[in-house]
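Data block below; observations after.
Each ligand, and each atom within it, is numbered from 1 in the order the structure gives. Because the structure is a prediction, the values reported are computed rather than measured.
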Amino acid sequence: MTSCDTTAMLAYDDALRQLTGGISPIGKKTDLELRAALGAVLAETIESRIDVPGCAMSSMDGYAVNTADLSATGTTTLPLSQRIPAGTAAADLRPGSAARIFTGAPVPAGADAVIMQEQVLAADGSISFEVHPQSGSNIRPAGNDIKSGTRILTEGCRLRAQDIGLAASVGLKTLSVFEPIRVGIFFTGDELVEPGEQLAAHQIYDSNRYTLHGLLTAMGCEVVDLGLVGDSLDETKAAMQLAATRADLVVTSGGVSVGEEDYVRIAIEQLGELRLWRIGIKPGKPLAYGQIDATAFMGLPGNPVSVFATFCLFVCPVIRILQGRGWQKPLPLPLIADFDWPKPDSRREFLRARLTSADDGQTRVQVYPNQDSGVLTSTVWADGFVEIAENQTVAAGDVVNYLPFAQFFG
Ligand code: AMP
Ligand code: MG
C-alpha cells in the first residue's frame with residue numbers, strides 16, 4: 001500500500017499525460033462475424049486481396065461502344081451484337097457494333113465507353129445517336145474503389161457501419177477484434193435512492209449510475225454494475241475488491257473528497273495504490289486514480305456534471321487505450337462565441353455548450369446559463385464543451401474552442 005496525496009493543483013494536460021502514460025491495452029482478441037463486429041475495435045490491419053470492382057463495370061443503363069467506331073460528326077448507327085445484364089459475363093465486343101448494357105454489368109473487352117440510354121434511339125436491332133463520348137465515359141475501371149493490396153482498415157479503429165460494409169466489399173466474412181473491456185462501476189452516497197423507489201426530501205435519486213452505464217455502453221464496454229454502496233469503509237472496500245477481480249477498470253462516483261464520509265479514497269489506499277489529484281479544471285476538481293492488483297481504478301467526484309465531464313476528459317482516454325484504440329485529444333472546432341464569459345477562473349473551464357445558427361447564417365456557439373456542477377440539465381441541453389483556458393474571459397464575437405461530446409465517447 002502506498003499513497004500520494006498531492007494537494008497542489010495539477011494542470012489538465014499534465015494530469016492527462018500522467019494518467020494515460022501508465023495505461024496499456026488489454027489486447028485479448030476474438031473473431032466475430034461481420035455484423036456482430038459492429039462497434040468492436042479491430043485487432044488487425046486489413047489489406048484487400050481483390051480489386052473492387054474486379055473488372056470494368058458500366059455505371060449507367062445504356063450501350064457499350066468502341067469510340068473508334070463513332071463518326072466524328074453527325075449520327076452514328078451501330079448494330080446491337082449482345083445484351084449484358086448485371087451478373088452475366090460479357091463476350092468481347094464485335095468490332096463495329098454496340099452492346100446493350102446495364103448498371104453494374106461488365107464492360108465487354110473492345111468497348112471503351114457507355115452511352116446513356118437517354119441519348120440513343122433504338123430500333124430494329126440497332127441504335128443511332130449523335131453524341132461522341134470520350135473514351136472511359138460511364139465506365140468504372142477495375143479497382144476504381146479498392147486496388148488489390150491496398151490497406152482498407154487499420155488496427156485500433158472502432159468499427160462503424162461503413163467499415164463493416166467495406167470489409168464485406170472485399171469478401172471478408174469475419175474480423176479479428178479485441179474483446180470488450182470490462183468496466184466495474186459502483187456509486188457511493190447514503191443520500192442516494194434508486195429510481196422507482198420512494199424519495200424522502202433529504203434524499204436524491206442516483207443519476208450517475210445511469211449516466212455512466214450509458215457512456216460505457218456507448219463506448220462498447222462490458223459493464224459490471226455493482227450499484228449503490230453505502231458510506232462505510234467496509235462496504236466500500238468489499239465493493240472495490242469485488243469490482244477489481246471482475247473488471248479491467250473500476251470507475252466509481254462520489255467519496256473522493258477529503259470529508260469524513262469519503263471512504264473511496266481510504267478504501268483504495270488500504271487495498272492498493274492511490275493517487276489523489278486536485279486537477280485545475282472546472283467542473284470536476286478532485287479525481288482519484290490508482291491500481292488494485294492489475295486493475296486500474298478511477299474515482300470520479302459525485303456531482304453529476306463533474307461525472308460527465310471527468311468521464312469525457314479522463315475516463316475516455318483511459319478506456320480508449322485499454323481498448324487498443326489509442327488516444328488523441330479531440331481536435332477543437334474554432335467557433336464564434338454567442339455569449340459573454342466575463343469572470344476569469346484560475347482553473348480551465350469546460351462549459352456545456354451547443355451550436356446555434358445566427359441570423360447572418362454563421363454557426364456560433366452558446367453556453368448553458370447555469371454552469372453549476374450539480375445541474376445535469378446542462379449536459380442534456382448541450383452537444384459539447386467550450387474549453388476556456390485558465391484566467392481567460394470571453395466576449396461575444398470572440399473565437400472559442402468547441403469540443404463536441406461525440407468526439408470523446410464515440
Ligand atoms: P461527493 O463527491 O460524494 O461529496 O458528492 C458530491 C455531490 O454529488 C453531492 O451533492 C452528492 O449528493 C452528489 N452525488 C453523489 N453521487 C451521486 C449519484 N450517484 N447521483 C447523483 N448525485 C450524486
Ligand atoms: Mg458522498
Side-chain angles (χ1 to χ4, degrees), residues 5-7 9-10 15 183-218 221 223-240 242-243 247 249-270 274-290 297-315 347 350 352 368 370-382 409:
D5 191 340
T6 316
T7 42
M9 203 118 81
L10 201 60
V183 182
I185 53 177
F186 67 86
F187 307 89
T188 68
D190 282 344
E191 72 280 32
L192 301 175
V193 170
E194 277 304 303
E197 288 175 16
Q198 196 67 36
L199 190 75
H202 58 276
Q203 297 175 315
I204 56 165
Y205 284 122
D206 169 14
S207 58
N208 291 344
R209 182 181 192 179
Y210 299 86
T211 308
L212 268 189
H213 189 279
L215 288 166
L216 291 166
T217 305
C221 302
V223 183
V224 180
D225 185 353
L226 301 184
L228 287 181
V229 170
D231 283 324
S232 91
L233 183 57
D234 286 349
E235 272 190 68
T236 309
K237 274 174 77 173
M240 194 82 82
L242 183 62
L249 169 70
V250 176
V251 180
T252 63
S253 87
V256 291
S257 307
V258 286
E260 289 154 41
E261 297 291 329
D262 292 323
Y263 293 106
V264 169
R265 190 174 48 83
I266 305 167
I268 190 90
E269 263 178 350
Q270 295 190 3
L274 170 79
R275 285 179 207 286
L276 180 64
W277 282 341
R278 289 169 71 237
I279 303 175
I281 57 165
K282 197 174 170 185
K285 185 168 57 179
L287 182 86
Y289 91 94
F297 163 78
M298 298 183 77
L300 311 185
N303 275 308
V305 180
S306 305
V307 164
F308 186 83
T310 51
F311 185 92
C312 291
L313 300 174
F314 296 107
V315 183
R347 291 187 272 164
F350 291 89
R352 274 69 69 214
Y368 192 70
N370 187 346
Q371 293 284 332
D372 185 292
S373 64
V375 177
L376 195 53
T377 313
S378 66
T379 63
V380 171
W381 179 92
F409 48 72

> Does K237 have any salt bridge (Lys or Arg N to Asp or Glu O under 4.0 Å) partners at least two apart in sequence or in another chain, and if so, which?
Replying inline: none

>> For the CG atom of D190 and the CG atom of D231, what is their distance to the nearest 0.5 Å?
In response: 4.0 Å

> CD1 of I185 to CG of D225: how many Å apart, nearest 0.5 Å?
Replying inline: 4.0 Å

>> My understanding is that only residues two or more places apart in sequence, or in another chain, count here; which of them pass side chain to side chain donor-acceptor pair (under 3.5 Å) with E194?
In response: R209, Y210

> Considering only heavy atoms, which protein residues lie less than 4.0 Å from any atom of ligand 1?
Replying inline: T188, E191, L192, I204, Y205, D206, S207, N208, S253, G254, G255, G302, N303, P304

> Are the side chain of Q203 and the backbone of A200 linked by a donor-acceptor contact shorter than 3.5 Å?
Replying inline: yes

Can you list, pair by pair, the side-chain donor-acceptor contacts under 3.5 Å of residues 306-315, counting residues two or more places apart and other chains?
| unit_1 | atom_1 | unit_2 | atom_2 | d |
| --- | --- | --- | --- | --- |
| T310 | OG1 | S306 | O | 2.6 |
| T310 | OG1 | V307 | O | 3.4 |

